[in-house]
Amino acid sequence: MKRSYTYVKPEDVTACKELIGTMIKRDKRRCSYRLNENDAHEYAYQAAKFFDVMQQDFRFDLEEWALEEIRKAESV
């Protein structure tokens with residue numbers, strides 16, 4: 001992810017990442033299936049919508065970050 005975005009506050013970036021991390025941990029415990037790209041897309045959308053940072057470039061980067069986190073969680 002970029003260090004900064006034009007219309008997104010740094011604390012919103014941190015909050016989105018923390019929320020996605022929490023959602024991944026929750027779903028890893030609850031679900032019997034493996035998380036995938038669709039889950040990363042949904043997590044990024046939900047976090048961006050919750051913090052009202054719906055800019056397309058930010059959401060795309062957040063989705064890529066979420067996918068990396070899912071891959072880390074699935075490899076453990």
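One-based numbering along the sequence shown. Because the structure is a prediction, the values reported are computed rather than measured.
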* Asked: Any link between Leu19 and Tyr5 through a network of hydrophobic side chains (Ile, Leu, Val, Met, Phe, Trp, Tyr) touching at under 4.5 Å?
  -> yes
* **Main-chain N/O of Asn36 paired with Asp39 side-chain donor or acceptor, under 3.5 Å** => yes
* **Minimum-distance pair of heavy atoms, taken over all atoms of Asp12 and Val8** => CB-CG1, 4.1 Å
* Asked: Once you round to the nearest 0.5 Å, how far does CD of Glu11 lie from CZ of Phe51?
  -> 10.5 Å
* Interatomic distance, Arg34 atom CZ to Arg71 atom CZ [nearest 0.5 angstrom] -> 11.0 Å
* Asked: Just wondering, more than 12 heavy atoms not from Lys28 lying within 6.0 Å of its NZ?
  -> yes
* Measuring from Phe58:CZ to Thr6:OG1, what's the distance to the nearest 0.5 Å? -> 12.5 Å
* Asked: Which atom pair, heavy atoms only, marks the closest approach of Trp65 to Lys17?
  -> CH2-O, 3.4 Å
* Without swapping roles, check the side chain of Glu74 against the backbone of Leu35 for a donor-acceptor pair under 3.5 Å. => yes
* If you take all heavy atoms of Ile70 and Tyr43, which pair is closest and at what distance? -> CD1-CE1, 3.9 Å
* To do: Look at the side-chain heavy atoms of Ile, Leu, Val, Met, Phe, Trp and Tyr, link any pair under 4.5 Å apart, and say whether Phe50 and Leu62 land in one connected group.
  => yes
* For Ala66 and Ile20, work out which heavy atoms get closest and say how close. => CB-CG2, 3.8 Å
* Under 3.5 Å, side chain of Asn38 to main-chain N/O of His41, donor-acceptor pair present? -> no
* **Where Arg59 and Ala48 come nearest, the two heavy atoms and their spacing** => CG-CB, 3.6 Å
* Working for side chain to side chain contact (heavy atoms under 4.5 Å, CB included), residues Glu63 and Tyr45 -> CA-CA 8 Å; Glu63 184 177 334; Tyr45 175 77; over 6 Å; no
* Could you pull out the closest heavy-atom pair between Cys16 and Ala47, with the gap in Å? => SG-O, 3.8 Å
